[in-house]
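Before we start, here is the structure in question, set down as structure tokens.
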Amino acid sequence: MQPSLQTKAESGNYLRRLKPSLALALPSFIAYLALALVVTYALYEFQPEVLLMAGWIGLGARLEASYALVVAALWALCAMKPLWQALVLLTTRYDVSSDMLYYSRGVLNSRRDQIEIARIRDLSTEKPFPLRLLGLGYLQVDSVDTTHPQLVLRGQRDVNELKAWLHMLNVQERQRLGVREFSHGHNSHAANHGD
């Protein structure tokens with residue numbers, strides 16, 4: 001029997017699963033809705049003049065049907081960006097175990113990466129005003145991981161509590177591994193003193 005290569009997060013043994021809020025797609029949705037409304041209004045506001053001129057050359061009925069198609073296409077195009085953004089948010093997740101932060105994303109192509117909790121060097125939060133109104137914020141994770149030195153967990157609730165929790169996990173994991181950090185000037189180094 002082959003050993004399982006499944007990670008803790010894939011097998012469901014994670015401490016917390018985080019997903020970005022769909023509210024992040026709200027500004028895009030509002031902007032494209034406003035654009036569709038303005039263009040639709042302009043099309044129908046000027047429709048009588050256009051139809052009158054088209055009637056003079058015999059295109060009135062066909063042009064009226066074309067207006068409906070143009071408006072339908074406009075609304076479909078304006079809905080695509082917010083819907084895509086919502087799909088990206090729905091397919092993004094962060095799984096946290098006691099020793100790893102896994103993150104996956106992707107609608108058509110899926111990508112999954114991880115950062116060791118012990119390799120996290122700094123955590124910072126940001127709460128832009130529109131997100132504060134919704135109780136959301138960003139958590140930036142800075143690590144010594146060479147492929148992904150920064151990871152931003154977007155649209156998280158209780159972002160300060162999340163930061164404190166991840167910091168606690170980082171301290172516990174570093175103590176468990178015997179990792180200490182020391183700095184010399186502006187460079188900081190980690191050394192494993194458990195050997």
Side-chain angles (χ1 to χ4, degrees), residues 3-28 81-132 134-195:
S4 174
L5 297 177
Q6 209 172 25
T7 64
K8 288 181 185 181
E10 290 168 339
S11 65
N13 294 328
Y14 49 85
L15 301 173
R16 215 184 255 189
R17 172 169 280 173
L18 306 166
K19 294 184 75 59
S21 172
L22 279 175
L24 290 176
L26 198 56
S28 176
K81 170 85 171 161
L83 287 175
W84 182 259
Q85 192 174 13
L87 278 173
V88 168
L89 292 170
L90 285 171
T91 60
T92 300
R93 74 170 192 257
Y94 311 98
D95 296 321
V96 183
S97 71
S98 61
D99 61 345
M100 289 284 198
L101 169 59
Y102 301 94
Y103 53 103
S104 60
R105 64 216 167 275
V107 177
L108 300 176
N109 298 315
S110 181
R111 180 178 178 142
R112 185 166 175 86
D113 292 300
Q114 71 274 342
I115 296 174
E116 293 178 43
I117 295 290
R119 294 176 63 95
I120 294 174
R121 291 294 168 251
D122 190 38
L123 299 165
S124 58
T125 61
E126 182 182 353
K127 294 181 184 179
F129 181 69
L131 292 183
R132 279 182 50 204
L134 300 170
L136 301 173
Y138 301 136
L139 175 65
Q140 181 172 315
V141 177
D142 294 320
S143 74
V144 294
D145 188 285
T146 55
T147 55
H148 305 288
Q150 280 189 341
L151 172 66
V152 178
L153 283 70
R154 301 174 56 221
Q156 298 299 310
R157 296 208 177 280
D158 303 319
V159 73
N160 289 330
E161 181 269 328
L162 178 60
K163 176 185 172 188
W165 180 71
L166 273 176
H167 177 71
M168 180 208 55
L169 283 178
N170 176 263
V171 168
Q172 288 174 350
E173 184 64 6
R174 296 180 99 211
Q175 285 174 347
R176 184 183 75 79
L177 295 173
V179 175
R180 289 184 15 201
E181 187 173 309
F182 59 93
S183 62
H184 181 269
H186 293 293
N187 297 329
S188 116
H189 306 280
N192 187 344
H193 294 285
D195 295 336

Original post:
Between atom CG of Leu136 and atom CG of Leu24, what is the distance when rounded to the nearest 0.5 Å?
Top reply: 6.5 Å
Original post:
Crowded around Lys81 NZ? As in, over 12 foreign heavy atoms under 6.0 Å?
Top reply: no
Original post:
Partners of Asp122 by salt bridge (charged side-chain N to carboxylate O under 4.0 Å, His left out), sequence neighbours excluded?
Top reply: none
Please report, to 0.1 Å, the donor-acceptor pairs under 3.5 Å made by any side chain of residues 124-132, with sequence neighbours excluded.
from: Thr125; atom 1: OG1; to: Asn160; atom 2: OD1; distance (Å): 3.3

**OP:** List the steps and the verdict of salt bridge (Lys or Arg N to Asp or Glu O under 4.0 Å) for Arg121 and Glu116.
**Re:** CA-CA 11 Å; Arg121 291 294 168 251; Glu116 293 178 43; over 6 Å; no
Subject >> Gap separating the CG atom of Leu89 from the OG1 atom of Thr92, nearest 0.5 angstrom >> reply: 6.0 Å
Subject >> Expected output: side-chain Ser97 to main-chain Met100 donor-acceptor under 3.5 Å >> reply: yes
Original post:
Should Tyr102 and Arg93 count as side-chain neighbours, where that means a heavy-atom distance under 4.5 Å?
Top reply: no
**OP:** For atom NE2 of His167, decide whether the heavy atoms of other residues, nucleotides or ligands shown that lie under 6.0 angstrom number more than 12.
**Re:** no
Original post:
Quick one: does Arg16's side chain get under 4.5 Å of Trp165's, heavy atoms only?
Top reply: yes
Original post:
Between Tyr103 and Leu18, is any pair of side-chain heavy atoms under 4.5 Å apart?
Top reply: no
Original post:
Is there side-chain contact between Val141 and Leu153, with heavy atoms separated by less than 4.5 Å?
Top reply: yes
Original post:
Okay, side chain of Asp145, backbone of Ile115: is any donor-acceptor separation there less than 3.5 Å?
Top reply: no
Original post:
Between CG of Leu169 and CD1 of Ile120, what distance do you get to the nearest 0.5 Å?
Top reply: 8.0 Å
Original post:
How about Pro149 and Val144: do any of their side-chain heavy atoms sit closer than 4.5 Å?
Top reply: no
Original post:
Hey, are the side chains of Asn170 and Arg174 touching, using non-hydrogen atoms and a 4.5 Å cut-off?
Top reply: yes
Original post:
So which pairs with a foot in residues 149-158 pass side-chain hydrogen bond (donor to acceptor under 3.5 Å, both in side chains), sequence neighbours left out?
Top reply: Asp142-Gln150
Subject >> Student check: side-chain heavy atoms of Val159 and Tyr138 closer than 4.5 Å >> reply: no
Subject >> Close side-chain approach of Gln172 and Ile117, heavy atoms under 4.5 Å >> reply: no
Original post:
Any donor and acceptor pair, going by atom type alone, linking the side chain of Thr91 with main-chain N or O of Gly106 inside 3.5 Å?
Top reply: yes
